[in-house]
Amino acid sequence: MHCPYCRHEDSRVIDSRTQDDGGSIRRRRQCPECSRRFSTIETAMLLVAKRSGAVEAFSRAKVVSGVRKACQGRPVNDDDLARLAQQVEDKLRADGSAEVPSHQVGLAILGPLRELDEIAYLRFASVYRSFETLADFEGEIAVLRAARASAPPGTEAALMS
């Protein structure tokens with residue numbers, strides 16, 4: 001790590017702390033040459049490989065904007081969407097891979113969205129999974145009904161009737 005003041009090629013770590021629920025590390029450093037102190041923030045990059053072959057950084061904002069379209073007119077607020085985006089990122093990071101295919105991002109969205117709002121889930125799934133017929137919708141609704149029927153009483157899925 002170069003010193004931002006004298007450009008010396010080395011620095012000593014004085015203190016390290018995690019930030020953003022472990023998503024980044026803040027390090028306090030000191031330059032051995034000029035003795036000035038500075039801070040760095042280190043984050044692990046999560047990259048998304050698109051079908052076109054392009055690779056870009058994961059963006060919670062893109063997850064929120066994509067899901068927001070499916071949630072139009074539904075009782076879902078911005079805090080709910082922010083939590084959903086965090087859950088998606090946490091799930092993708094838990095796999096331990098630095099680069100994930102865009103398809104995997106869509107799959108990671110489906111679970112939390114289904115628990116958040118079933119109608120928004122159906123809208124998103126219909127586009128994501130390319131539903132082409134009424135039978136596709138009926139099949140997915142049957143899966144939702146089966147999950148609701150097997151859910152223990154008092155759970156979120158049982159209350160969404």
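What you see is a predicted model, and the numbers here were worked out from it, not measured in a lab.
Among all heavy-atom pairs drawn from Gly106 and Phe124, the shortest one is O-CE2, 4.1 Å. Shown here for Ala108 and Leu92, the closest heavy-atom pair between the two residues is CB-CD2, 4.0 Å. For the residue pair Arg123 and Gln72, the shortest heavy atom distance occurs at NH1-O, 2.6 Å. Closest non-hydrogen pair, Leu113 versus Cys71, comes out as CD1-SG, 4.1 Å. Nearest heavy-atom pair across Asp136 and Ser130 is OD2-O, 4.5 Å. The minimum heavy-atom distance between Ile25 and Ser16, with the atom names listed, is CG2-CB, 4.3 Å.
Here CG of Leu144 is found 8.5 Å from CD1 of Ile119. Values are rounded to the nearest 0.5 Å. Between the NZ atom in Lys50 and the OG atom in Ser102 there is a gap of 7.0 Å [rounded to 0.5 Å]. Arg60 CZ to Ser65 OG: the interatomic distance, rounded to the nearest 0.5 Å, is 14.5 Å. Annotation: the span from Arg28 atom CZ to Arg37 atom CZ amounts to 6.5 Å, rounded to 0.5 Å. For the atom pair OG of Ser59 and CG of Leu46, the computed distance is 11.0 Å after rounding to the nearest 0.5 Å.
Looking only at side-chain heavy atoms (C-beta outward), Cys34 and His8 stay at 4.5 Å or farther from each other. Using a 4.5 Å cut-off on side-chain heavy atoms (C-beta onward), Asp95 and Gln104 make contact. Within the 4.5 Å cutoff, the side chain of Arg27 has no heavy atoms near those of the Met1 side chain.
In this structure Thr40 satisfies the side chain to side chain donor-acceptor pair (under 3.5 Å) test together with Arg29, sequence neighbours excluded.
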**Item:** Audit row: Lys62, Val105, side-chain contact (heavy atoms from CB on, under 4.5 Å) steps and yes/no
**Value:** CA-CA 11 Å; Lys62 283 186 86 168; Val105 175; over 6 Å; no

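Hydrophobic clustering of Ile, Leu, Val, Met, Phe, Trp and Tyr side chains at less than 4.5 Å, counting indirect connections, unites Leu107 with Val67. Note on Val127: it does not cluster hydrophobically with Leu84, by side-chain heavy-atom contacts below 4.5 Å among ILVMFWY residues. Residues Val48 and Met45 do not share a hydrophobic cluster, defined by chaining ILVMFWY side chains whose heavy atoms lie under 4.5 Å apart.
Taking the six-membered ring for Trp and thresholds of 30 and 60 degrees, Tyr128 and His103 have nearly parallel ring planes, at less than 30 degrees apart.
Formation of a donor-acceptor pair under 3.5 Å by the Gln30 side chain with backbone atoms of Ser35 is found in this model.
At a cut-off of 3.5 Å, with distance as the only test, no side-chain donor of Tyr5 or Glu33 sits close to an acceptor on the other residue.
The environment of CZ in Arg145 is sparse: at most 12 heavy-atom neighbours from other residues, nucleotides or ligands sit within 6.0 Å.
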Enumerate donor-acceptor pairs with a distance under 3.5 Å from any side-chain N or O in residues 74-81 to protein atoms, sequence neighbours excluded.
from, atom 1, to, atom 2, distance (Å)
Arg74, NE, Asp117, OD1, 3.0
Arg74, NE, Asp117, OD2, 3.2
Arg74, NH2, Asp117, OD2, 3.2
Asn77, OD1, Asp79, N, 3.0
Asn77, OD1, Asp80, N, 2.8
Asp78, OD1, Arg68, NH2, 2.8
Asp80, OD1, Arg83, NH2, 2.6
Asp80, OD2, Asn77, N, 3.2

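Sorted pairs that involve residues 28-59 and meet ring pair (Phe, Tyr, Trp, His ring centres under 6.0 Å), not counting sequence neighbours, are lacking altogether.
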